[in-house]
Structure formats: structure tokens, C-alpha cells
Amino acid sequence: MAFWIASSPHNHNQQSTSSLMRLVIFAAIPGIIAQWYFFGWGNLIHIGIAMITAMLCEFIVLSLREKRITEQLFDGSALLTAMLIGICLPAFAPWWITVIGTIFAIAIAKHLYGGLGHNPFNPAMTGYVMLLISFPLQMTTWQPPISLMEIELSFSNTLTTIFTGFTIDGYSVEQLRTSIDGVTMATPLDTLKTSITMGLTVSETTQSSVFGEHFAVGWEWVNLAFLLGGIFLISKKAIAWQTPVSFLLSLFLCSLIGYTIVPDSSASTMFHWFSGATMLGAFFILTDPVTGATSAKGRLIVGLLAGLLVYLIRVFGGYPDGVAFAVLLCNMSAPLIDQYTRPRTYGHSKDLS
Amino acid sequence: MESIINRINQQKFWSFHGGVHPPEQKTLTNQKPIKPLSLPEQLIIPLQQHIGRQGDLLVQVGDHVLKGQPLTKSTNPMAVPVHAPTSGTITAIKHSVIAHPSGLSELCIFLNVDHQDTWVERTPCNDVATLTNQEIVKKIADAGISGMGGAGFPTHIKVDTKPDINFLIINAAECEPYITADDLLMCEHSESIVDGIKILNKLLNPAFILIGIEDNKPKAIEALKKATAGIEKIHVCVVPTEYPAGGEKQLIQILTGKEIKSGTLPIKEGIIMQNVATCYAISEAILHDTPLIQRVVTVTGQALEKPQNVWALLGTPVHYLLSQCGFDNQGMEKTPVIMGGPMMGFSLPTDTVPVIKTTNCILAPSYKEMPSAFEGNSAEVECIRCGQCADVCPTNLLPQELQWSAKAKDYPQLNKLNLSDCIDCGACAYVCPSHIPLVQYYRIAKAEIRQQQQQELKAEKAKARFEARKQRLEKEKRARELKHKKAAEARKAAMNKATPEATEAKSAVAAALARVKAKKAANQKSPSSSAISAPVETTENQDNKKAQVAAAIARAKAKKQAKPAPEIDAKENAKVEPSNTDSKKAKIAAAVAKAKAKKSQEKAPIQGQEQNQEQTDSLSLADKKANAIAKAKAKALAKKQASSNNDSSTASDLTIASTAESEPAIDEKDAKKAAVIAKAKAKALAKKNKESNTDNKVSEKNTVNVEPRKVQNTSETSTINDTNNISDKDAKKAAIIAKAKAKALAKKKLATQSVSEEKTMHEQEKGAK
């Protein structure tokens, strides 16, 4: 009788990388549904385009790199990246924006650095930032919430807009973005930023319809849904709690300080929490294990840093939202943070003589 | 310490970092009593079943042994004897695969069981109080008890009286999944265990005794509490179930909150830990005089029909245990059989491996319950730095960083990350979503680091040895020089004094001079002597008018070259066959000759190339004649003929002189004049090198006995030059000059003196002694 020779431990908790990735994808579903509910089909279509591109791209690169395709293609990491890109993009962005962004994320940000586990930057955010810098016009074609739109938007209309730039009825993206009041809609964060630079106070700005009753029509619910998904992930121990908690805390504190000092030109703490990509960034992007810090202390520091950066970019930067930039900057500093936050090994206390 | 006890009394404990909760699977076996097995046909008893050394064999093939009879005896504190688990006949003592992860073969005693199960005579002890601590420790050592928890450290060393023990911790945690051996032992033999603990208490006299037990063993806890009721010192500490709570350092941390400094033993903190099964073995050994010949083994896993705990005799092959428990390989081609638990056990290469003192579990999992055990390491994918490994590490290491460094073989970084503190618990690999066999990488890296350290240690030792030798040689050399200097001075004084010996030497010199003069007269037609033959030889091709001279020179040269050649051979001969030479002196003389021959050989290339060419040619020619001449020479040397000494000094003298002369001689037709210049040059050269020291000189001076004669000879040869060139008739003066020359020459040689030469000389000297 032959015997299996293997190294201990012989049992395993039967978790795998792919199941982890799947879990993260599932956890994002409530947020995507909220996005669909408030903003229509745009992002779902982008997610679809991104996923197809990502799988093709992954397949090609893996075969070029002569890797085990069956295992790595379906490990879920490429799909997750594609999903995140799809969620982030403006709903009316043309299809090639998604394709270029996804290819960049998979082929360059991920595989050129050595593939899964070796990429120093979050692929989705790298792709997003590349698009933001290279195609500023297409990347700001934000869609107002459906409730504020003049033209009713069906699935086919959205699809044709993404692929041709016009709805079936011939409306252009610009026309679509014009609200009932005849004003071109921007995101709440964008609106706020523009009005403050124009000298308006926050309270005057929030009279605008994009802010709705609470903080931002649609956006607040999308953020809430991502928060729920994030809490689910933490409860499943799929992500570490340190990064999102410290990130949100940091953002809260920063906005609180800002609000206390200049209440007129500072948005409220909750506005910062529930607008833009705050919750998505906190639970789905910053928690990417590959590019984040690994020690508990390191994760806390990364979260704090990210919160500060997001606030600074939102308030003082040139872009309305700063999650993507903050994430990349944190990715950059993560190895250094790891270096200085190594835990003390058992039996290496200075108190022990 | 009081606060610790207070906490313990409130059943409050500390916790260690990390930890995992793998499926316990203890219910497979923990409800059934321990089954005594029928005797197997054959037992395979490895001589070494613990950490340390194996004992010395006491039995031979064919011997009939009784149950409990020692098979080896301990001659070293780290050695623990093994005993015959039952009566029978020893059929073989040979290497066989033992319980080791590498499938290592070790010396094993093969015992054919006679099924009589006859005990040796035992002397049970009814009252431990009558025994002294020394006697108890000796009994423990003789019973062959080593730690039964896993590592197998000899128990008698651990329990040998040490002062100031704060805590004696009895490890009953049994945190590995599946294993219930200690659990059932506690349920069924709690009294014996407590007896063992009492004996340990007598030996160590700790302030407190803590029994650490996980809360998944309610029956055992009950039994222990009952057995220890009324003993105030003993605290049964029920700790939460978490792997690896049973690790020595982890259990100490849970119970006392103390950390053991890396690289030190718990004893430093006043803590000693013993396994609960060891306590049972101690009580058996002391009270019933029963050596460690059997233990409880959990035979478990879903590939078995009847998983259960058994009393297995040490040496029982694993296949016997499996067959007793209804092993079914489920039609699988390859099945894993694991010795130890699923977290830290190792898979067996064959089922003939015997049970040893540290074997607590044989695990035969089914594919369904433990697919990863069937996978090998094939499921590994890239690390995604999720950090789950770091979260569960009980030592608070950074497993994923260690993994990168281990793969890169970056050993300094691994040391920096404290790889040596890894306890191989396997928690990191258990949770790794990328299925990276982390522990395996660490094991390899640890082994390689260990090897590297050993090599470094070796190299350091070699270096120290080399340095010491160098110093010693240096010292010896200095001592020798001093001695020779003194001897030389004494000689000088003797020469200057008008002693009979000195006058004799002087007259000998005079006689030699006379002989040389006669020779010179015979050679008057050709102005050259052997000394000036060399310079002329270089001009040979250019100067047609000197054909006659050339012929003479050629003859002289042939003679000259024939002489140094045998020297070389003599040297070789002396070196290869030192036994040929009978007397000390001959040996020394040979050494001197050798050195000189070598010198003259070495000199040549530095000087004119022509000469070099010719010399090497002649040398190669001479080499062929080597053996015959060499033998003759050696014989001659043995007969104390110092002629070789003469020759060599002559040869080297001549070479020096001739080479020094060679250049000016080309231009001048008057060889005589050239010789004068050459001499002056040689002198200057000798002067120049005066300051340098020489081993050759040393060796020359080693020949104290032949020295007077040698001096005489040297003077003789030198005088040939001197008388020819300067026409000095004063023999005394010539002798002095010659001596000075010889000395200078000898000194000059130091510059090119090689260590090896010194070594050979040294050796020859030694041989002579």
C-alpha cells in the first residue's frame, strides 16, 4: 500500500482565494442594486463590459505568461477588479473607456507587476486614475439620479448611449445630464466644490436638488448598501476591520475639524461619509489585501492616512472625489508602513531579561 | 505570583495571540475506553525514541528477553534506555524505518514475541517517602521515561532537583484535534496521574502546581478534580479550547501570563512543564517498578471502522494498530497515514513504522474528512497577503513575510523576522487561502540556516586552529633563531680562540687553498675558473675569438650543472624516503642541500634568460638520471658525507657569482677583471640582503654538527673564486670572507623562501627527532 507523504498541517479550513474573492463580489451586490435603483442601468452595463474584457485580458496574459490558466482565470480576482471599475465609472461613459481602463488594470497594473499577489497598486484604482487623467471629459459624464432626470432612461437607451453617445431617440449625453431645471447635473461632491469656489456657503449649496433631503440623492443609499456589504464581509472575516474603521474614523474627524473651524464652507461629517465613493473605498478597495498593509497596526495607519488624504483631496484638491488617489498613495506607503509596524514576536519583549 | 493564583482561582486566564479552531473530531474516540491490544507477532524497538542520544546495547541477536528487561543502558545523561515491552527472542538488530518525518532509518531491535508475557523481577515501592530524591530521579532515568507530549525530552533531566520552582504545570491541554489519548488516560487513571504529580512535587517542590486542561474534556476535568480534591497546591485550570493552547509557551502564557524569552527555557522563569502521560509513567515507574513499555495511542480517522484508544506496546508496528481498528483504504491508491495529530503530525512513508514513546496518535483520515491531506502541496497558489496567517500565529510572527524570505532564501531577513521562534504549529498553513505549505517552507529554511551556522562554526574553528598554528610556528622560529644566533656566536668565539679544533679547521682551510692553487696552476692557460665560467658562457655566442675558452667553459658548465641536479633529487629522495637516511645529521644535511638546490633553481629565472633556458634543459636532463644519482646520494648522506653540503653550497655560490657577473662580462674581454667586478657585486648583493632573515640559514645552522666542516668547505669553494680573482694568499682571511659570503648568501635566500619549504624542513626536522 502506498502512502501519501505531505507536510503538516494535514487539514485545512478549506478556504481558498477564489472563495474569498467570490465573497467580496457577493458583498458588493447590495450596493450595485442600489446604484441600479437610483442611477439606472449604466453601471451594470459597464460592469458587464469590464468583466468580459477582464476575463479575455486575463486569459491572454495568463497564456502568454504560461500560467495554470484554469485555476488562475477563475480565481475571481479579475472579476472583482472588473466589477470595481464598472461601479466607479460614470454611467454615461462610452464603452471604450471601460475597455481601456480594464485592460490597463489587468494587463499593466496587475500582470506586468507579476500577477495576483505581486501588484503594488490596486488594479481597479490604477485603471480608474489612468482614465480620469487621460479622459477627463468622458470621466465626468456623471448621470444625475433617475428621479431628477428630465428624460426617462430605459435599458436600451442607456445601452445605446454608452455605445454610440446618443439614446435611441437621439438625445446626447449632455442633454441627458440636464436636469428638470435646465442645469447640467454633476455629482453632489462636484456641485459642492464648484459652489464653494464660487463663494457660496454649504447651506446655500445644499439647496440644490442633487443633495435631496439628506446628503445626496441616491448616493447616500448606494453608500449605505456598500456599508452593509462591508459589515457582512467583516463578519465573515473576509476583510480586516482595521482599515475601514480607521478610514471612516479619520474622515469623520477631519471633516469634523473642518466643519468646526469653517462651518460655512465645510460639508458635514455625514455628507463625507455618505457621498462619493467613501463606503466602496472603505470596504472594497482599501481592504484589498495585496496592496494594503498586512499588520493590524499597519492597517490602522493606512486607514487613517487614507481618510486624511480623501478629505484633503475633496476639500483642497482639483478633483471632486479623492478615494482613488488616496488609495494609490496608501498603496505606495503600505510596504513602508508594514516595515515599521511589525508586531512584537512572542518572547522578544524588552521587559524580558 | 499571588495575583496569578487569585486569577486562576477565579478561573480567569490570559490568552495568547492568534490560534485556530480546527474541527476537533475528538468524539470519534473519546467515548470508548482504552482497549488493551493483543500481542503482535513482532515488535520493532528503535534504540532512540527521544531527543538526545541512544543508549548502549545490552542484548544480542538470539537472546531471550523478559518483559521490562532493559535492552540498552544509559551512559550519558541525554541517553534514555529502552526496555523489552514483552518477553520474546531478539531476532535481529538492524536499521529500520523509524517514526521520523524524513523516513529515516535507525538501529532497531526486532523482538519476536513468545506470547508468555513473562515479567522480569520487579520491586514495587509502597511508600515514596522512603526514597530519596536521587533515588527517584535514578528510577525515572532507568525506567526510560522521556516527555510523552511530543518532543521527548528525557524526563530525569527535567525533574532533577532545581531550586525555586514557582509553577509546576501539568500539560493536559491536548489541543491537537482528533487526539484523545491523554483525555482517556485522565479519565481512567486519574489516581495514578495524581500519584505521579505528587512524586514530581516531592522532587521539585514547586510553589504551585497547575494542571492546564482544555474545556472540551469534561469527564477528564471531573476525574482530575476528584483525584486532586484536598490537595491545596494543585489547581485544575480549565482553559478555553483553542489550538495550540497545549504548546508549552502558549500554556504558560495562558496560565501565568508570562512570556518565556526567546531562546531560553521556562525553568529560567521558575516554571517546569510535564505532560500528563509523563506523570502517569513516573508513577508507574516509581510505585510499580514498571518501565515505560507501553502508552495510550489514539488510533483514529474516518478511514477506520473502529477508531479508538489502545494501549500499545512500544515497538508495535503501525499496520498492526490499523488492522486492529479496521483500516479501510476506501479503494484509494494512496492514503495518508499520519503519526501525530492533523496539525503537527507527519505522514508515514510505510506502515511498518513502530510506535515509540512520543507517539500519541495514528490518524488515517478519509478523503472526505481531510481532502487537503490527499493533495500534497499541489494546491498552492500565489500569496495575496491577506494576513490571516499573521492573525492566527501564536508566536505573533509574520508568516507571509517569512514565506517571501524563505522562498528567496534570504536568511538574514528570516533571522530578523524571528523564524527561530516559529513552533511549527501549522496554524498559518491551516488558514492560508492560497494553500501555501508555509510550515514546510519554514522547516526547509530552518534546516538550511542550521546547516549554514554549523558550517560557519566549523570555519571559525578551522580559522582559530590556523591562527594558533601560525603563532606557534612563529614562536618556534624565533626560538630557533635565538638558539642559532647563540650557537653561531659561540662558534665564532671558538674559531677566534686558539683551540685545537680551530687550528685544525684553519689548517684544513689552508690545505684546501693549497689544493685550489694547484688546480689553478693546471688551468693557467684558460684564465677562467668555475666561477667565471658562467659570464663567459653568456658571451659564448658573440665572441668567436674565444672558442678555446668556450670549450673549457662548456666542460666546466657541464660539470657544474651536473652537480646541482643530483641535489634536487637528493632532496626528493630525502623527502619521499626519509627512512633511507639513517642518521639525524644526514637528514639535516639533506634538507639543507634540498633547500639550497631549490634556491639555486629559483635564482636562475630571475637572472638572464639564456641561462635559465639552459639550466632548465639541463635540469630536465638531469631529472632522468635522478633516481640512480639520488639513491647514491642518499647513501652517501647516510654515511655522513657532507660532500652534498659542499656541492650545494658550491652550486649556489657559483650561480650567484656567475649571474652577478654575467652582464658586465659581455662587454669586457678580460674575464679576470670581470670576475673582480662580479665579486664586488656579489658582495654588495650579499650586503644588501644581510638584514633579511632566513630559514635556510636556520636550517644551515641546524646542522650544528656538520657546521665546522661545512664552513671549511664553503671557504674552500669560495676561495676558488677569491684566489683566482684577487690572488689573496692568506687562507685565514679567505676563510673569513668565504664564511661571510656563505652567510650573506643564506640570508639572501629568505626573500624567496616559501612557507611550504619551511614546512618540509620542519617536518624533516621532526622526523629526524
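Residue numbering restarts at 1 for every chain, and letters A, B, ... go by the order of the sequence lines. Because the structure is predicted, anything quoted here is derived from the model rather than measured.
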Assert top hit (heavy-atom pairs under 4.5 Å, partner chain A, pool B:Gln253, B:Lys249, B:Met344) equals B:Lys249
Identify which of B:His17, B:His319, B:Gln400 forms the greatest number of heavy-atom pairs closer than 4.5 Å to chain A.
-> B:Gln400
Given a strict heavy-atom distance threshold of 4.5 Å, which part of B:Cys383 is in contact with chain A: side chain, backbone, both, or neither?
-> backbone
Please report the closest heavy-atom contact between A:Gly292 and A:Asp338, naming both atoms and the distance.
-> O-OD2, 4.2 Å
Does some side-chain heavy atom of B:Pro342 sit less than 4.5 Å from a side-chain heavy atom of A:Pro9?
-> no
A:Phe226/A:Phe284 aromatic ring centres below 6.0 Å = yes
Given that the side chain runs from C-beta out, which part of B:Glu401 has a heavy atom under 4.5 Å from chain A: side chain, backbone, both or neither?
-> side chain
Using non-hydrogen atoms and a 4.5 Å limit, figure out which bit of A:Leu20 sits close to chain B: side chain, backbone, both or neither.
-> side chain
With a 3.5 Å cut-off and no angle check, do the side chains of A:Lys110 and A:Ser77 form a donor-acceptor pair?
-> yes
Got a second to check how far A:Leu300's CG is from A:Ser246's OG, nearest 0.5 Å?
-> 5.0 Å
Based on non-hydrogen pairs under 4.5 Å, which of B:Ile338, B:Leu397, B:Val381 is most in contact with chain A?
-> B:Ile338
Name the region of B:Ala429, side chain, backbone, both or neither, that has any atom closer than 4.5 Å to a heavy atom of chain A.
-> both
Heavy-atom closest pair (B:Met343 atom, B:Pro177 atom, distance to 0.1 Å) is CG-CD, 3.8 Å
Which residue out of A:Asp75, A:Val290, A:Leu116, A:Asn119 racks up the most heavy-atom pairs below 4.5 Å with chain B?
-> A:Val290
Specify which of B:Val20, B:Asp424, B:Leu398, B:Leu363 makes the most heavy-atom pairs with chain A at under 4.5 Å.
-> B:Leu398
Report the option among A:Thr294, A:Asn11, A:Thr287, A:Thr17 that has the most heavy-atom pairs separated by less than 4.5 Å from atoms of chain B.
-> A:Asn11
Is there a donor-acceptor contact under 3.5 Å linking the side chains of A:Thr345 and B:Asn418?
-> yes
